[in-house]
Amino acid sequence: FTGRVVCTQPRALAAEDIAKRVADEFDGCDVGGNVGFKARRRETQGQRIMLVTDAALISMARSNPHLQEMSVLMIDEAHERSLNTDIVLGIAKRIRAARPHDFHIVVASATINPKDFVAFF
């Protein structure tokens, strides 16, 4: 992929903690190199992977509607349905329609019915 991989998390603490773990496993470095996070008013940029809250992704899409720097959006914990999660799914669908060849969506959940999400996208 040429752009970033961005993974949404429903909670700020999860975004930061998972970013630390991914950074350690990805290249053994701290957050801020290849892996970063954005949650509430805290942000540490990552060059290749970002963990963000649903609200942070919505904010990013306001200023950059097609999220051009992103190649993959992973929506994690999709079963924790909230208004923000539904908005993120709508943003993802809109971007996928505009960028069908270079924007990929992964929806992850332990308990959802995948057929519903396949039908949505």
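The only option from Val106, Val52, Leu57 that meets the side-chain contact (heavy atoms from CB on, under 4.5 Å) definition with Leu73 turns out to be Leu57. Applying side-chain contact (heavy atoms from CB on, under 4.5 Å) to Val22 and the options Asn34, Ile49, Asp27, Val5 leaves one that passes, Ile49. Of the candidates Glu77, Met74, Met50, Met74 is the only one forming a side-chain contact (heavy atoms from CB on, under 4.5 Å) with Cys7. Checked options Thr2, Val6, Asn64; the residue passing with Glu69 is Asn64 (criterion: side-chain contact (heavy atoms from CB on, under 4.5 Å)). Between Gln9 and the options Thr53, Asp76, Asp17, Asp54, a side chain to side chain donor-acceptor pair (under 3.5 Å) holds for only Asp76.
Linking ILVMFWY side-chain heavy atoms closer than 4.5 Å, directly or via other members, places Leu89 and Val72 in two distinct hydrophobic clusters. Ile58 and Ile105 fall within the same hydrophobic cluster, where Ile, Leu, Val, Met, Phe, Trp and Tyr residues are linked whenever their side-chain heavy atoms come under 4.5 Å apart, directly or through other members. If you chain together hydrophobic residues whose side chains sit under 4.5 Å apart, Val88 and Val118 never meet in one group. Tracing side-chain contacts under 4.5 Å through hydrophobic residues (I, L, V, M, F, W, Y), one never reaches Phe1 starting from Met60; they form parts of separate clusters.
Around the CZ atom of Arg96, the shell of radius 6.0 Å holds more than 12 heavy atoms that belong to other residues, nucleotides or ligands. Environment of CZ in Arg99: crowded, with over 12 heavy atoms of neighbouring residues, nucleotides or ligands closer than 6.0 Å. Other residues, nucleotides and ligands contribute more than 12 heavy atoms inside 6.0 Å of the CD atom of Gln68. Within a 6.0 Å sphere centred on CG of Asp102, other residues, nucleotides and ligands contribute more than 12 heavy atoms.
Aromatic ring centroids of Phe103 and His66 lie 6.0 Å or more apart.
Ion pairing between a basic and an acidic side chain is recognised when a charged N comes within 4.0 Å of a carboxylate O; Asp24 and Arg21 show no such pairing.
Taking every heavy atom of both residues into account, Phe117 and Ala78 meet most closely at CZ-CB, 4.3 Å.
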